[in-house]
Amino acid sequence: MYKILKKQVLNPTVTLMEIEAPMVARKAEPGQFIILRTDENGERMPLTIADFDREKGTVTIIYQIVGATTELLNHMEEGDCLLDFVGPLGRATETSGKKKVAVVGGGVGCAIAYPVVKKFHEQGTEVHAIVGFRNKDLVILEDEFKANSTKLVLMSDDGSCGEKGLVTDALKRLIDSGEQYDEVVTIGPLIMMKFVCNLTKEYGIKTVASMNPIMIDGTGMCGGCRLTVGGTTKFACVDGPEFDGHEIDFEEAIARSVMYKPFERNAHEEACNLIKTEVR
Amino acid sequence: MPANMSLIKNDMPTQEAEVRNKNFLEVTLGYTREQAIDEAKRCLNCKNRLCVTGCPVQIDIPEFICAVAAENFEEAYQVISRASSLPAVCGRVCPQESQCESKCVRGIKGEAVAIGRLERFVADYHNAHSTDKAIKPEGNGHKVAVIGSGPSGLACAGDLAKKGYEVTVFEALHLAGGVLVYGIPEFRLPKAIVQKEITALKELGVDIQTNMVVGKTISIDELMQDYGYESVFIGSGAGLPNFMNIKGENLKGVYSANEFLTRINLMKAYIDNAMTPIQKGTKVSVVGGGNVAMDAARCAKRLGADVTIIYRRTEKELPARLEEVHHAKEEGIKFLFLTNPLEIESTEDGWVKSILCQEMMLGEPDASGRQKPVPVQNSEFKVEADCIIMSIGTSPNPLIKATTEGLATQKWGGIIAEEETGLTSREGVYAGGDAVTGAATVILAMGAGKNAAAAIDEYLIKKGE
Ligand SMILES: Cc1cc2nc3c(=O)[nH]c(=O)nc-3n(C[C@H](O)[C@H](O)[C@H](O)COP(=O)(O)OP(=O)(O)OC[C@H]3O[C@@H](n4cnc5c(N)ncnc54)[C@H](O)[C@@H]3O)c2cc1C
Ligand SMILES: Cc1cc2nc3c(=O)[nH]c(=O)nc-3n(C[C@H](O)[C@H](O)[C@H](O)COP(=O)(O)OP(=O)(O)OC[C@H]3O[C@@H](n4cnc5c(N)ncnc54)[C@H](O)[C@@H]3O)c2cc1C
Ligand code: SF4
Ligand code: SF4
Ligand code: FES
């Protein structure tokens with residue numbers, strides 16, 4: 001069993017949890033993920049390793065409440081235990097040999113971007129973090145990004161915090177102002193990553209996108225997480241989750257990501273109802 | 001005892017096709033006591049025991065069947081368990097018609113003795129009546145790690161534990177059992193049977209660690225160097241799904257059989273309020289002709305779809321067990337033989353709409369000796385479908401190879417291991433089952449696990465001297 005040691009609400013829909021999982025913490029690297037199940041009937045849900053502490057034997061996850069499983073997870077408290085927690089899965093981010101990078105995160109994707117930013121920063125790479133949120137209430141990890149980057153650009157859709165505009169606007173401006181990046185790393189909604197990749201392609205800057213397709217086992221057994229990258233099929237859970245952004249077939253990935261929408265809405269409503277009755 | 005000279009087997013009691021194709025309860029119900037005894041009397045207790053040569057683990061078939069005829073069911077069980085650790089499973093899923101029963105002399109004129117059904121009867125009888133709890137033997141102080149909890153891993157762990165080894169099984173998924181739990185559906189192999197085997201192993205003192213992906217959470221080298229395991233058995237199966245690499249294979253509505261079956265079996269997606277969703281197709285096409293294809297097709301049928309199996313050779317070449325093909329047909333599954341998919345066509349919003357297929361004919365024999373299917377010119381036609389399940393085989397997962405220095409594998413990914421012992425290119429590391437042979441059968445995997453357990457025991461005794 002995997003105990004929840006800490007629970008912290010980051011914004012109304014995003015929560016951080018620190019989980020006791022020494023075997024996972026021992027091997028975890030930025031860019032990798034875990035799969036958890038809350039309980040016996042639970043779904044297997046992938047979440048990125050947002051942080052880890054090898055000495056304490058803990059792994060931090062940050063999740064956004066979008067459906068049934070994240071809702072159920074969010075109803076667990078400090079001291080409760082997760083039934084299953086497996087990892088670290090996927091490949092770690094390749095950080096070596098880069099002098100200057102931009103990391104572009106959007107929404108809850110910033111939780112995934114944060115450990116990558118931190119790793120670059122710790123190894124002495126100059127990191128520019130560009131993070132975007134819909135509005136100021138949704139901002140997460142601002143202090144952490146500030147402490148671990150050379151430059152932090154905060155963007156919001158409505159201008160309620162940072163600058164008004166999209167992360168691609170900020171990235172374009174930095175590149176145009178003469179910043180020379182060895183690599184851009186982008187993590188966030190598929191549509192955002194697609195536009196980031198389109199932009200950097202124009203400038204010929206190598207770009208890595210962190211993909212999060214629907215997964216089950218996370219070990220290469222089901223093929224549910226497959227993507228087309230450079231014309232061939234890849235399994236995100238073992239070949240990724242990071243891929244060359246200029247090679248990814250984003251249209252296909254976007255289509256596949258909503259495959260279960262018609263089947264899932266019910267589950268969410270049911271979970272909400274279940275929780276409501278339990279609370280009452 | 002007078003022999004029963006009937007030319008045909010006792011019929012297996014079965015759920016009606018039109019009833020069972022809407023539920024996930026077991027299809028076959030098992031012989032009654034009377035049927036079992038009657039069937040056992042068909043065995044001639046032959047001197048040259050041809051049936052035994054057809055069983056990959058050489059169960060003493062006439063001996064156990066004689067015991068059944070004499071109504072000594074528990075004795076029959078003891079005979080079987082000398083050679084097999086999973087009789088309730090193998091009695092249900094072995095392709096008997098190409099193994100033990102294919103060699104039975106009664107099959108020369110009429111039908112073979114129903115060896116598999118008798119094996120199942122005996123195992124079920126034992127499970128229902130035995131109150132014995134496995135007793136944990138005294139430890140010998142040596143630690144062995146087993147990777148994977150499919151039939152090969154379970155058999156290896158069980159035999160070693162009985163010899164007093166401290167055995168830990170490392171399983172990547174959250175549930176132990178391998179293909180027996182995530183692949184083969186409930187209606188063919190009730191999960192309670194697998195659970196019983198796993199409970200028995202735990203009683204023997206085997207420690208089962210789920211959520212442990214060897215190669216990610218821990219490596220073989222760490223197991224041996226840092227955690228004190230003196231020997232390792234790799235029974236990681238062949239779980240990597242193959243695709244055809246045709247256009248449209250990544251459309252919404254296209255599954256690998258592994259994904260489809262895992263959602264249904266492991267994640268229980270067939271139960272109405274399950275958390276893990278499954279697409280309930282209305283017109284489902286399954287591409288392939290093995291056990292996996294039959295299982296996927298029959299699951300889709302039970303979820304309410306109109307199901308067609310697309311296979312590129314003829315009915316005669318279907319690699320699935322005969323019984324599964326019979327059952328599938330009875331349940332209303334259609335077959336398109338000599339048909340090969342060329343391309344999957346899409347609706348405007350990216351869902352599967354149809355499969356463009358091509359007719360085939362059988363040509364020259366290929367390397368496997370089977371006639372090779374070749375395309376018929378200008379024979380393209382479309383099959384409508386809103387869900388397609390690709391069931392064209394699996395290969396060993398490369399994860400362990402990629403993270404284990406010096407572990408030799410075949411080009412196609414199979415781990416190279418000595419046939420008799422399972423010894424790999426690494427000292428103290430053994431392997432068996434689908435990880436070595438590629439996708440095969442439960443009985444072969446179980447046999448390989450047992451052989452490796454004996455070899456590991458011998459190796460560690462020698463090493464200790
Ligand atoms: C490698 C990986 C890392 C991830 N890391 C994080 C993370 O750090 N933090 C986080 O909040 N989320 C992360 N996710 C996404 C997270 O797994 C899903 O949000 C979660 O599974 C949703 O479960 P649910 O039952 O609450 O919602 P569901 O009811 O399953 O889904 C709600 C809605 O979200 C959609 N959806 C579900 N899964 C995905 C997905 N993988 N991609 C896009 N849309 C999806 C559904 O179609 C549906 O519309 C990651 C996913 C992957 C594959
Ligand atoms: C749908 C289906 C139907 C079948 N029907 C029949 C049938 O009717 N009759 C028959 O005889 N055979 C049948 N088979 C084949 C049979 O199930 C297999 O040959 C057999 O299960 C192989 O056993 P195994 O122990 O080698 O591997 P598996 O049963 O595949 O078990 C391997 C286990 O190892 C785990 N694992 C993999 N990698 C790692 C890792 N890195 N770390 C930790 N754990 C790992 C897996 O999660 C899995 O649990 C069928 C197979 C399928 C898929
Ligand atoms: S294990 Fe399989 S092959 Fe051997 S006797 Fe039993 S059914 Fe026949
Ligand atoms: S070959 Fe057939 S009849 Fe002869 S011993 Fe074996 S099962 Fe009995
Ligand atoms: S999640 Fe199953 S193969 Fe990637």
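As the structure is a prediction and not an experimental result, all values here were calculated from the model.
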Can you give me the closest heavy-atom contact between A:Gly220 and B:Pro241, atom names plus distance? O-CD, 3.5 Å

Return the option, out of B:Glu249, B:Lys268, B:Met212, B:Glu222, with the maximum number of heavy-atom pairs under 4.5 Å with chain A. B:Glu222

Using the side chain to side chain donor-acceptor pair (under 3.5 Å) criterion, which residues pair with B:Asp207? Sequence neighbours excluded. B:Gln209

Using a heavy-atom cutoff of under 4.5 Å, enumerate the residues of residues 14-29 of chain A that contact chain B, numbered in order, or state 'none'. A:Met23, A:Arg26, A:Lys27

If you tally heavy-atom pairs under 4.5 Å between each of B:Lys216, B:Lys252, B:His174 and chain A, the highest tally belongs to B:His174

Which atoms form the tightest heavy-atom contact between A:Tyr260 and B:Gln279, and what is the distance? CE2-N, 4.1 Å

Quick one: does B:Leu240's side chain get under 4.5 Å of A:Met221's, heavy atoms only? no

Using a 4.5 Å cut-off on heavy atoms from C-beta on, say whether the side chain of B:Met275 contacts that of A:Thr69. yes

More than 12 heavy atoms of other groups within 6.0 Å of A:Glu78 CD: yes

Partner chain B: residue of A:Val238, A:Leu89, A:Thr232, A:Ile216 with the largest heavy-atom pair count (under 4.5 Å): A:Ile216

Counting heavy atoms not belonging to B:Lys353, are there more than 12 under 6.0 Å from its NZ? no

Heavy-atom distances under 4.5 Å only: say whether B:Leu251 touches chain A with side chain, backbone, both or neither. backbone

Separation of A:Arg37 CZ from B:Leu175 CG (nearest 0.5 Å): 7.5 Å

Under 4.5 Å to a heavy atom of chain B? For A:Leu83 that would be backbone

Crowded around A:Lys98 NZ? As in, over 12 foreign heavy atoms under 6.0 Å? yes

Side-chain heavy atoms of B:Thr276 within contact of A:Arg44, under 4.5 Å: no

Cation over ring face, A:Arg226 and B:Tyr255, 6.0 Å, 45°: no

Answer whether the closest heavy-atom distance between the side chains of A:Thr233 and B:Asn250 falls below 4.5 Å. yes

So which heavy atom on B:Arg263 is nearest to which on A:Ile214, and how close? NH2-CG2, 3.6 Å

Interface moiety of A:Phe85 toward chain B, non-hydrogen atoms closer than 4.5 Å: backbone

Would a 4.5 Å heavy-atom cut-off, applied to side chains only, mark A:Cys222 and B:Tyr182 as touching? no

Heavy-atom contact with chain B under 4.5 Å, split by part of A:Gln32: side chain

Gap between atom CE of B:Met267 and atom CD of A:Glu43 - 0.5 Å precision: 7.0 Å

Inter-residue atom distance B:Leu173.CG - A:Thr219.OG1, 0.5 Å rounding: 6.0 Å

Which bit of B:Thr262 comes within less than 4.5 Å of chain A, counting heavy atoms only: side chain, backbone, both or neither? side chain

